2 protein chains.
Amino acid sequence: MNLSTPLARPSLHEELVTRLRQAIVEGSLEPGAKVPERELCENLGVSRTPLREALKVLANEGLVILESNRGARISNVTMEELAAAFPVIAVLEGLAGELACALATDEEIAQIVTRHHDMFRYYDAGDRPAYFQANHDIHAALMAAARNPVLAQHYAMLSSRVERARLLANVSDSRWAEAVEEHRGILEAVETRDGSRLSTLLKEHLNNKLAALKTALT
Amino acid sequence: MNLSTPLARPSLHEELVTRLRQAIVEGSLEPGAKVPERELCENLGVSRTPLREALKVLANEGLVILESNRGARISNVTMEELAAAFPVIAVLEGLAGELACALATDEEIAQIVTRHHDMFRYYDAGDRPAYFQANHDIHAALMAAARNPVLAQHYAMLSSRVERARLLANVSDSRWAEAVEEHRGILEAVETRDGSRLSTLLKEHLNNKLAALKTALT
DNA sequence: ATCTTGAATTATGAATACAATTTGAAAAGA
DNA sequence: TCTTTTCAAATTGTATTCATAATTCAAGAT
């Protein structure tokens, strides 16, 4: 049992930030909807103070918009925002790929490889949810292997803003096939620890994703 | 006169975030110092609620550390953090350079060029403060010309975390000369709108800056 | 003298209270 | 009937209060 950690009880506002962010990302709190302070407080069993603190933080992250004297709304996912965010995510993932190739343990590489094979199997089986999960795990594992907390933090922030788009537009079958193909290249670069190649492929992957979203949403 | 904006009076917590962030970046609030809530409230003439909201936001940005039941401290600028942040800033600036080359107006390019010449003059005159200001303006102008709010937002966040390092270590004369030399290349890439070259040079510039900081701080 | 111990003080986290603003609908007027 | 005005209810921004955890410091023990 670990007795060195000083028994950290997370404060209410921290837990609220986490839970609200999750709710926003998974769509329980719909974009554009106003956040009913009193109601949420009652549901969650907290007072307004910590909830409002959490909303300020989420507003700073761009997930929530505060309109003075008019409360908070869940921010909309606009095409402009996606178009702005994706290139940023792309360079961040690119950096993560490079760092990961240099710093990952063999176990981490093996893990990413395994998860890729999982993912390909899910694709063959047409299991979208499982595919998405595996895909998510891969990108997360790459980010973890990069061992850069600042990078991870900003990546997480951007991901949360963008992941909601997945609820707006389903990926087309042809784009799905393309993405899988791209991931074969990514896998190869991971296996050979070819950082610059991985970086390039990841950036392309993200930019293609954005292009696909653009066509799907117009 | 702009009549479209709905006369936004910034809320107390927003102003506090801005002011505190500025105070932290410019060093009025020293790294490691604990933030005396009551005292600050009295000085600023606000109650604890908006101040605490602001602290939560700044904590989320990494400028402040909240220790449960022990209040807030100004976060320390550690070498680890700098080492993590600089590569991220580098890729962001790199992206900004590429976008700026593609999207900047001729006026913006001209502005950046002019500011470069200013900066070179300040270097010749040995005027460090003016040099720093010009340097800052250049990077800000590049970022503005990239026309990507998401990029700008994350760049601003990272800059605020890192700029405090400037107070810890003065740039050596030799590094200063190097930086100027690097900026000559950057200027050239800007003038010719060579995006990929500018991107590379900016990334190198940042990475060299980090290396210089590393030696200066050990 | 130095190190514990524990009550008093202080500061923090969260809840509540209060004042100002917005909202929505009914009433007055065109 | 439609517009405008007024006013109450609701909601928000900020201040204050309350309970609890941390810190301080003096007294006692080693």
Side-chain angles (χ1 to χ4, degrees), chain A residues 2-21 23-24 29-76, chain B residues 3-21 23-24 28-76:
Chain A
N2 182 0
L3 296 177
S4 67
T5 314
L7 191 55
R9 238 174 327 162
S11 61
L12 282 185
H13 100 267
E14 271 181 280
E15 290 202 72
L16 286 174
V17 167
T18 307
R19 286 190 57 174
L20 290 178
R21 181 162 35 213
I24 293 171
L29 291 172
E30 281 179 32
K34 59 180 180 310
V35 182
E37 264 184 31
R38 230 168 35 77
E39 190 182 322
L40 257 184
C41 286
E42 285 168 15
N43 291 344
L44 297 167
V46 298
S47 77
R48 284 176 60 214
T49 306
L51 175 64
R52 302 186 95 256
E53 290 170 346
L55 288 175
K56 302 286 186 289
V57 170
L58 293 171
N60 194 56
E61 290 185 11
L63 292 176
V64 157
I65 306 232
L66 300 178
E67 296 170 298
S68 53
N69 289 318
R70 254 178 268 183
R73 317 181 70 84
I74 308 300
S75 73
N76 282 304
Chain B
L3 295 176
S4 68
T5 313
L7 191 56
R9 240 175 325 165
S11 60
L12 281 186
H13 100 268
E14 270 182 282
E15 289 203 72
L16 287 175
V17 167
T18 307
R19 287 190 57 175
L20 290 178
R21 181 161 37 210
I24 294 170
S28 321
L29 290 172
E30 280 180 32
K34 59 182 182 310
V35 182
E37 264 183 32
R38 228 166 37 78
E39 190 182 322
L40 256 183
C41 287
E42 285 168 15
N43 291 344
L44 297 167
V46 298
S47 77
R48 284 175 59 213
T49 307
L51 175 65
R52 303 184 96 255
E53 289 170 347
L55 288 175
K56 302 286 186 287
V57 170
L58 293 171
N60 194 55
E61 289 185 10
L63 292 177
V64 157
I65 306 234
L66 300 177
E67 296 170 299
S68 55
N69 290 319
R70 253 179 272 185
R73 316 182 72 84
I74 309 300
S75 73
N76 282 303

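Every value quoted in this text rests on a predicted model; they were computed, and no experiment measured them. Only this structure's heavy atoms are used, side chains among them; waters, hydrogens and symmetry mates stay out. All chains are named by letter (A, B, ...) in the order of the sequence lines, taking the proteins before the strands, and each is independently numbered beginning at 1.
Using a 4.0 Å heavy-atom distance criterion, A/S11 is classed as a sugar-phosphate-only contact.
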Let me have the donor-acceptor pairs involving side chains of residues 28-36 of chain B, under 3.5 Å, with sequence neighbours excluded, atom names and distances please.
unit_1 : atom_1 : unit_2 : atom_2 : d
B/S28  : OG     : B/E26  : OE2    : 3.1

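The nearest whole Å value for the distance from the CD atom in A/E53 to the C1' atom in C/dT16 is 14 Å. A/L51 places its CG atom 12 Å from the P atom of C/dA14, with the value rounded to the nearest Å. Distance CG (A/L12) to C1' (C/dT12): 13 Å, rounded to an integer number of Å. Atoms CG (B/L55) and C1' (C/dA11) sit 14 Å apart, rounded to a whole Å. One can place CG of B/L16 at 9 Å from P of D/dT14, the figure rounded to the nearest angstrom.
The salt bridge (Lys or Arg N to Asp or Glu O under 4.0 Å) test applied to B/E39 returns no partner, not counting sequence neighbours. Looking at residues two or more places apart in sequence or on another chain, you find a salt bridge (Lys or Arg N to Asp or Glu O under 4.0 Å) between A/E67 and A/R73. B/R48 is linked by a side chain to side chain donor-acceptor pair (under 3.5 Å) to B/E37, counting only residues two or more places apart in sequence or in another chain. Among residues two or more places apart in sequence or in another chain, the salt bridge (Lys or Arg N to Asp or Glu O under 4.0 Å) test is passed with A/E14 by none.
Of the candidate nucleotides D/dT23, D/dT16, D/dT12, D/dT12 has the atom nearest to the side chain of A/R48. The side chain of A/N69 lies closest to C/dT21, out of D/dT17, C/dA17, C/dT21.
Only B/V46, B/S47, listed by number, bring a heavy atom of residues 34-47 of chain B to less than 4.0 angstrom from any atom of DNA chain D.
Rounding to the nearest 0.5 Å gives a distance of 9.0 Å between OG1 of B/T18 and CG of B/L58.
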